[in-house]
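The sequence lines fix the lettering, A, B, ..., with proteins before strands; numbering per chain opens at 1. Nothing here was measured: the structure is a model prediction, and the numbers come from that model.
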Number of protein chains: 2
Amino acid sequence: MKSLFIHDAIIVTQNPLREVLRGNILVRGGKIEYIGKEHMDADYTMEANGKIALPGLINTHCHVAMTHLRGKLDDISLEQFLERTFRLDSGRSDSGIYNSSLLGMYEMLDSGITSFVDLYYSEDVIARAVRQSGIRGFLSWVTLDEDKTTQKGSPLKNADKFISDFAHDDLVTPSVGVQGVYVAGDETYLGAKDLAEKKDTLIHGHLAETREEVYNFLNQHNGERPTEHLDRIGFLNPRFLAAHGVWNTLHEIRLMGRNGVKLSWNPVSNAKLGIGGMAPIPEYLGNGVNVSIGSDSCGSNNSQDIFQGMKFGSVWVKSDRWNPAITNAQSILDMATINAASSLNRADLGSIEAGKMADIILLDTRTPRLMLTDEVTAVSNIVYSADASSVSDVIVNGKLLKENGQLLEYRSSDFQDSEFV
Amino acid sequence: MKSLFIHDAIIVTQNPLREVLRGNILVRGGKIEYIGKEHMDADYTMEANGKIALPGLINTHCHVAMTHLRGKLDDISLEQFLERTFRLDSGRSDSGIYNSSLLGMYEMLDSGITSFVDLYYSEDVIARAVRQSGIRGFLSWVTLDEDKTTQKGSPLKNADKFISDFAHDDLVTPSVGVQGVYVAGDETYLGAKDLAEKKDTLIHGHLAETREEVYNFLNQHNGERPTEHLDRIGFLNPRFLAAHGVWNTLHEIRLMGRNGVKLSWNPVSNAKLGIGGMAPIPEYLGNGVNVSIGSDSCGSNNSQDIFQGMKFGSVWVKSDRWNPAITNAQSILDMATINAASSLNRADLGSIEAGKMADIILLDTRTPRLMLTDEVTAVSNIVYSADASSVSDVIVNGKLLKENGQLLEYRSSDFQDSEFV
């Protein structure tokens with residue numbers, strides 16, 4: 001299938017004017033070629049019949065290889081959670097990592113995620129699952145100090161090798177990750193930065209997630225806080241996409257804004273782990289930090305679902321600030337699409353515009369859940385009413401991966417007796 | 001179809017032992033006749049093939065006739081929300097109320113809700129939609145002071161007539177409602193209580209939802225708080241199912257527990273309206289108050305979805321108290337099933353046990369979202385991973401209303417050009 005014509009959709013473009021248009025989309029060679037009222041011939045035509053067409057959602061933080069941990073780490077203390085996760089993460093087999101990752105990618109596609117950012121080791125194995133599933137994967141090989149890792153060899157060298165081996169691919173974008181200040185010292189942070197600059201990649205890592213990690217650091221560093229420290233050693237830079245940021249002070253948020261650091265907000269995971277309230281999102285936004293949304297792992301969320309992230313995130317901020325007007329659906333949808341793309345430095349993703357990559361999802365407005373949606377209510381209804389059950393069709397890189405509610409390549413029987421450890 | 005056999009399910013019984021069993025269910029004449037390993041003949045056999053069988057979810061607070069307001073009242077101040085809602089609620093046509101209600105009921109069925117509690121006027125019209133949709137409706141005709149209502153005639157007399165007209169029906173259970181202390185004085189509250197006792201019904205109403213309503217009351221009543229006042233006048237009683245309860249003090253919570261008052265917690269709506277934090281759920285539970293979950297209206301939620309209520313509710317409590325172990329999946333599932341049934345005084349609902357009404361939903365464990373679910377992880381995965389997209393089959397009163405993902409009686413074309421105002 002070289003070209004694909006989507007007929008009669010409510011197109012939520014997410015273009016600079018944030019236009020919502022009723023019309024058609026032509027996709028050719030993995031890119032969006034045309035948006036408008038014209039009828040065009042194509043190898044395949046999809047009758048949208050008033051469905052919403054939306055840029056595919058972008059999940060900016062997860063650990064997809066941990067999908068098999070769903071339902072196994074719930075309702076326990078944070079200490080128990082971290083201890084068990086660490087134990088379960090080490091010593092896994094390649095096939096376990098591959099199967100768990102592929103399952104998580106199908107879950108993401110099923111719920112309308114077309115790109116995701118991953119932080120883990122063995123990203124070469126995860127990259128194979130990306131190619132199998134057809135999703136777009138931004139894969140960050142995690143680094144940490146050599147005396148604290150269970151990786152074979154040097155994490156920085158492993159990351160370097162991964163980035164070298166996987167350069168230039170439509171679906172796989174390799175990068176370097178850093179686990180967090182609790183296991184990575186200055187040398188690791190600065191090594192990761194050097195590597196990212198040398199290879200022109202993203203840096204992805206945890207930052208200020210839990211109270212304990214921040215106060216332990218502070219006690220060991222004469223009262224210097226983690227993000228202040230990373231600023232002082234010259235690590236903060238625009239390549240850095242930081243996950244969580246719950247425990248950053250206003251001063252640290254300003255340092256992030258000034259240095260172009262991006263935030264991946266993980267509202268469901270942060271709440272479920274009870275790590276101490278909400279990341280100060282209004283302050284991040286007010287200080288020029290690009291905010292996007294992540295799912296985090298299946299141990300702490302337990303769904304690879306950005307619709308939940310948008311809705312829960314938005315209503316949580318409203319509640320936290322006693323102000324229902326403090327967030328609006330458009331700005332939340334921006335986080336999950338165009339702003340997320342921008343935080344990945346990908347100007348060709350995150351909106352439906354001619355010349356952009358064809359990552360498009362359709363939401364069925366004939367379901368009871370979205371019935372009566374029109375051009376005026378589309379954005380509100382995407383954020384506050386739609387969910388994974390609304391996603392009828394998914395296109396990534398011009399390829400149709402879900403059609404009329406069916407994931408085309410997914411077979412549950414492939415997973416039934418597989419290894420996941 | 002007189003009998004229905006469900007073969008090979010993971011049955012989350014919600015029985016007193018909270019057993020999760022792999023086996024079969026026989027339904028006959030609207031009731032559950034058998035649960036176990038035996039294979040039985042029936043008019044119709046469903047191959048569950050490892051799907052989860054769960055008691056249908058119970059939504060204990062909504063205004064289903066407001067479904068058409070979805071996407072029209074978002075991201076505005078609470079004052080604007082209340083003013084617009086009041087304006088949009090008055091002067092509606094019967095066909096508008098009917099169509100909006102029917103659409104909302106299909107949405108509930110689609111997402112696994114088999115019973116709901118409604119608070120509105122014109123419940124006779126809503127009752128017709130209940131019969132059309134096949135859902136179980138606990139319909140509370142709202143009362144308020146005569147000088148504050150837009151209802152024709154006396155609200156209490158209207159409620160009385162509704163209860164008299166609709167007594168004894170498998171699907172419709174009528175009751176009396178009270179809007180809230182801001183529009184209902186002692187006479188209305190005590191009149192509603194008398195009516196409920198005379199007719200042996202539930203009383204359903206709003207209580208302590210917003211800061212403004214509580215402090216206005218307090219200022220007008222020499223510092224007496226609403227729930228204290230309702231206790232003093234003798235209104236609090238076990239028939240009363242109160243919605244929200246966000247602004248109750250510990251003293252008022254104790255009064256509720258002592259008087260057998262039930263709470264319908266509406267986490268998504270409460271957060272979205274930014275009314276001032278979370279209802280103190282651990283304190284309600286600690287003082288013997290039966291807590292269940294409501295969706296509230298499509299203006300303030302905007303989904304009739306108890307899966308969202310369970311997940312968001314549970315993680316919100318964890319975050320609020322900085323303690324991920326403070327809630328657990330089993331107790332949250334209890335709120336949405338067996339405890340909700342108990343708050344409706346319906347010992348024949350809320351669990352899968354022989355002799356109970358056959359309100360059963362199946363969740364497809366072959367989807368990526370629930371893949372790998374087994375008897376051990378079933379309850380966790382229902383609360384933290386399942387969503388409306390997981391609900392493949394819905395049975396209410398022994399009748400199959402959704403099968404393999406398709407709502408059997410719903411036609412979107414029936415709603416496309418209908419009146420909703």
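- B:R211 touches chain A through its side chain: at least one heavy atom from C-beta onward sits under 4.5 Å away, while N, CA, C and O do not.
- Remark: A:E419 pairs with A:S93, A:S95 by the side-chain hydrogen bond (donor to acceptor under 3.5 Å, both in side chains) rule, at least two apart or across chains.
- B:V315 is listed as a side-chain neighbour of A:F312, based on a closest heavy-atom distance under 4.5 Å.
- One distance of note links CE of A:M371 with CG of B:D414; it measures 9.0 Å at 0.5 Å rounding.
- Contacts of B:I76 with chain A are made by backbone atoms alone, with heavy-atom separations under 4.5 Å and no side-chain atom involved.
- Of the two parts of B:Y410, only the side chain, counted from C-beta on, holds a non-hydrogen atom closer than 4.5 Å to a non-hydrogen atom of chain A.
- Among A:S413, A:A386, A:P368, A:G274, the residue making the largest number of heavy-atom pairs under 4.5 Å with chain B is A:P368.
- Side-chain polar atoms of B:K311 and A:N301 form a donor-acceptor pair below 3.5 angstrom.
- The CG atom of B:D110 lies 6.5 Å from the OG atom of A:S389; values are rounded to the nearest 0.5 Å.
- Contacts between A:L407 and chain B at a heavy-atom distance below 4.5 Å involve the side chain alone, from C-beta outward.
- Rounded to the nearest 0.5 angstrom, B:R70 CZ and A:R369 CZ are separated by 7.5 Å.
- Distance OG/B:S303 to CG/A:L370: 8.5 Å, rounded to 0.5 Å.
- Proximity to chain A (any heavy atom under 4.5 Å) is restricted, for B:S77, to the backbone atoms N, CA, C and O.
- With a threshold of 4.5 angstrom between heavy atoms, B:Q308 approaches chain A through side-chain atoms but not through N, CA, C or O.
- Residue with the most contacts toward chain A among B:D305, B:V268, B:D320: B:D305 (heavy-atom pairs, distance under 4.5 Å).
- Comparing B:D387, B:N323, B:V376, B:V391 by how many heavy-atom pairs each has under 4.5 Å with chain A, the most go to B:D387.
- In this structure, A:W322 CH2 and B:L78 CG are separated by 12.0 Å, a value rounded to the nearest 0.5 Å.
- For a residue to count as touching a neighbouring chain, one of its non-hydrogen atoms must lie under 4.5 Å from one of that chain's; by this rule B:F420 touches chain A with the side chain only.
- When side chains are defined from C-beta on, A:L103 counts as touching B:L372, because their heavy atoms get closer than 4.5 Å.
- B:L273 CG to A:S319 OG: the interatomic distance, rounded to the nearest 0.5 Å, is 10.0 Å.
- Of the listed residues A:P324, A:G277, A:S111, the one with more heavy-atom pairs under 4.5 angstrom with chain B than any other is A:P324.
- With chain A as partner, the option from B:S390, B:G50, B:G71 having the largest number of non-hydrogen pairs under 4.5 angstrom is B:G71.
- Checking A:D74, A:D75, A:N302 one by one against B:S380, the side chain to side chain donor-acceptor pair (under 3.5 Å) holds for a single residue, A:D74.
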